[in-house]
Amino acid sequence: MIIVSFIIIAWILSWFKFEQIFIQAFKELFNKEISTASYYFIFACLGAIGDIVALLNGSYFDKI
C-alpha cells in the first residue's frame, strides 16, 4: 500500500514540476540521464522499501 502512496505522491509533485528538478539534480549528482519513467520507478522502489520495513517491524498487519 505504501508503494501506491509513493507513486501518488510522485504524481502530485509532478504537477509542481518537481519531476524536472529531480531529473536535473540526478543528472548533476550522478552524471546519468534518467527519464520520467525512472522518476516514477525510483518513487515505487522507495515505497517498496517502506512496505518491507513496515512488514519487518510488524506494523504492516496493524494497518489492515
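Only this structure's heavy atoms are used, side chains among them; waters, hydrogens and symmetry mates stay out. Since the structure is predicted, the reported quantities are computational estimates derived from the model, not experimental observations.
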Taking all atoms of both residues into account, what is the closest heavy-atom pair of [X] and [Y], and its distance?
X	Y	answer
Ala54	Ile2	CB-CD1, 4.2 Å
Ile34	Ile42	CD1-CD1, 4.4 Å
Tyr39	Ser14	OH-N, 4.0 Å

Applying side chain to side chain donor-acceptor pair (under 3.5 Å), can you list everything that pairs with Gln24, at least two apart in sequence or on another chain?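 Once residues adjacent in sequence are excluded, the partners of Gln24 under the side chain to side chain donor-acceptor pair (under 3.5 Å) criterion are Glu28.
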Gap separating the [atom1] atom of [X] from the [atom2] atom of [Y], nearest 0.5 angstrom:
X	Y	atom1	atom2	value
Ile23	Ser38	CD1	OG	7.5 Å
Met1	Asp51	CE	CG	9.5 Å
Asn57	Ile52	CG	CD1	12.0 Å
Ile7	Phe41	CD1	CZ	10.0 Å
Phe16	Leu13	CZ	CG	8.0 Å
Glu19	Ser35	CD	OG	9.0 Å

When clusters are formed by joining ILVMFWY residues with side-chain heavy atoms under 4.5 Å apart, either directly or through shared neighbours, do [X] and [Y] land in the same one?
X	Y	answer
Leu46	Ile9	yes
Ile12	Phe6	yes
Ile21	Leu29	no

Taking the side chain as C-beta and beyond, is there a heavy-atom pair between Trp11 and Phe43 under 4.5 Å?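 A side-chain contact under 4.5 Å is absent here.
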Report yes if some heavy atom in the side chain of Lys27 is under 4.5 Å from a heavy atom in the side chain of Glu33; otherwise report no. yes
Parallel, tilted or perpendicular: which describes the rings of Phe18 and Phe22, with under 30° parallel and over 60° perpendicular? tilted
